[in-house]
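In this text the structure is predicted, and so the values were computed from the model without any measurement. Atom set for the values below is all heavy atoms of this structure, side chains included, hydrogens, waters and symmetry mates excluded.
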Amino acid sequence: MAFGVAFLISLLTISLFSSGNALSLNHYSKTCPDVESIVTNAIKSAASRDKTIPATLLRMHFHDCLIRGCDGSVLLDSKGHHKAEKDAAPNLSLHGFYVIDNAKRALEAACPGVVSCADILALAARDAVVLSGGPYWSVPKGRKDGRVSRASDIATMPSPTFNISQLQKSFSLRGLSLDDLVALSGAHTIGFAHCAAFQNRIHNFNATHDVDPTLRPIFASKLQGKCPLRNTVKTAGALMDPYSATFDNNYYKLVLQGKSLFSSDQALLGFPKTKALVYKYASSKQAFWQAFTNSIVKLSSINGGQEIRKNCRIVN
């Protein structure tokens, strides 16, 4: 099985603690030994039919972890007048929830009531990167699923319009460093962004400039063509980079060329430490992959769930 370059955690078994839930690489070794292959098969099957699946699953995992920890709360459906996270504006472009449902059904058939939806999503994110030509890493497991999902909580998530100070504060509140910020931003190398995420840079930027002057003019013009000021096409947007199906280090090169989409991408050049890391990862894919695997394990170890859901969309 060609899973790319493996950056394995140095210990065969590790324990990471957050909110009382211990994570380990062998958590399901006795209770559901085939968990990883079952999830991988579900992801591969979906990705073979829809090439956008890897990017959306990685983004889904990020959006899950950045709110109340990696507890699968982004998977819960809204109910009645209660609006869940997935129906908040920044998450409306998430899709592919059925992929997690398919993996969950297969796991329930093999080992009922054992594997959490949060763990499925963490494994799916890893497989998404691998299927996009990126690095493999060992995923610590043992997360519990949360029972709370509120659309209003999405307001606390880092925004694509954030400056470096806002980004640093947001990541710090989650126990993440500037190193993690730069490494995890590299996930922007795959996928698609809708106009709303970068509209602020190409129209009415400030009192002096209509367009963000840090954008390469030709690139900005192309973006304006795709996203006019009074855009009415909900699906309009731009690829994160020209090779948006490949998990490489091209994102960092685009940042340095003035061809990144988000204000938060450009913000990485506004602080000496983060700027130095952008240059480092732009020149070395291996350095980026090593940093990314370390940081995503750190991010995905934030957990505060309470149960193992039988259905990823509904609390027990």
Side-chain angles (χ1 to χ4, degrees), residues 18-19 21 52-53 55-101 103-104 116-122 124-125 128 143-163 166-167 169-176 181 184-185 187-188 191-200 227 231-237 240 261-264 299-300 302-316:
S18 179
S19 303
N21 294 328
T52 70
I53 288 299
T56 196
L57 290 178
L58 181 58
R59 183 166 170 250
M60 193 184 295
H61 180 52
F62 273 45
H63 284 215
D64 183 39
C65 296
L66 289 170
I67 299 303
R68 54 180 68 253
C70 312
D71 64 351
S73 55
V74 75
L75 303 171
L76 288 169
D77 285 341
S78 296
K79 186 176 181 181
H81 295 296
H82 177 79
K83 198 174 180 181
E85 290 173 28
K86 65 166 58 169
D87 290 321
N91 284 341
L92 290 177
S93 58
L94 289 177
H95 63 285
F97 292 99
Y98 74 91
V99 183
I100 304 302
D101 295 337
K104 179 62 171 174
S116 69
C117 300
D119 273 347
I120 295 172
L121 190 49
R143 297 164 189 78
K144 296 291 181 65
D145 296 321
R147 298 178 57 83
V148 177
S149 182
R150 291 189 293 257
S152 57
D153 290 340
I154 298 297
T156 67
M157 193 166 64
S159 165
T161 63
F162 272 10
N163 60 37
Q166 292 169 313
L167 289 168
K169 180 179 179 181
S170 180
F171 272 62
S172 178
L173 288 171
R174 293 164 170 83
L176 300 170
L181 166 63
L184 293 173
S185 293
H188 292 169
F192 178 89
H194 289 85
C195 296
F198 55 87
Q199 193 87 353
N200 66 304
C227 302
N231 175 56
T232 58
V233 181
K234 292 183 179 180
T235 57
M240 299 299 284
L261 292 179
F262 303 151
S263 294
S264 58
L299 169 69
S300 66
I302 306 170
N303 180 244
Q306 302 84 33
E307 66 180 17
I308 305 295
R309 272 183 235 140
K310 297 176 183 178
N311 180 331
C312 291
R313 295 173 180 257
I314 308 169
V315 295
N316 291 341

Interatomic distance, CD1@I154 vs OG@S149, rounded to 0.5 Å, equals 7.0 Å
Verify, without hydrogens or angle tests, whether T56 (side chain) and H95 (backbone) share a donor-acceptor contact under 3.5 angstrom. yes
F97 and V74 have their tightest heavy-atom pair at CE2-O, 3.5 Å
Side-chain heavy atoms of R143 within contact of S300, under 4.5 Å: yes
When H63, R59, K86, E85 are each screened for side-chain hydrogen bond (donor to acceptor under 3.5 Å, both in side chains) with N91, the one that passes is H63
Has D145 got a side-chain atom pairing as donor or acceptor with A118's backbone, closer than 3.5 angstrom?
yes
Notebook entry, point to check: With a 4.5 Å limit on heavy-atom distance, are the side chains of L57 and I100 in contact?
Noted result: yes
For F162 and S170 the tightest heavy-atom approach is CE2-CB, 4.2 Å
By side chain to side chain contact (heavy atoms under 4.5 Å, CB included), F192 pairs with (sequence neighbours left out) H194, L239
- Message: Walk me through whether N163 and S263 qualify under side-chain contact (heavy atoms from CB on, under 4.5 Å).
- Response: CA-CA 7 Å; N163 60 37; S263 294; over 6 Å; no
**Prompt:** Do any N or O atoms from the side chain of D71 and from the backbone of N303 form a donor-acceptor pair under 3.5 angstrom?
**Reply:** no
With sequence neighbours left out, the residues meeting ring-ring contact (aromatic ring centres under 6.0 Å, His included) with F262 are H188
Residues at least two apart in sequence or cross-chain that pass side chain to side chain contact (heavy atoms under 4.5 Å, CB included) with S185, listed by chain then number, are L181, Y251, L268
Quiz item: Heavy-atom distance under 4.5 Å between the side chains of L66 and I302, does that happen here?
Solution: no
Check: Under the 3.5 angstrom rule, does the side chain of R147 hit a backbone N or O of Q306 as a donor-acceptor pair?
Finding: no
* Please answer whether the main-chain N or O of A84 pairs with a side-chain N or O of D77 as donor and acceptor at a distance below 3.5 Å. => no
Fill in: Donor-acceptor contact below 3.5 Å, side chain D153 vs main chain I67
no
In short, S93 meets P90 closest at the heavy-atom pair OG-O, 4.1 Å
| query | Would you say the side-chain atoms of R309 pair up with the backbone N or O of C312, donor to acceptor, closer than 3.5 Å? | reply | yes
| field | Any L76 side-chain heavy atom under 4.5 Å of H82 side chain | value | no
Q. Is L121 close to C70 at the side-chain level, that is, under 4.5 Å between some pair of heavy atoms?
A. no
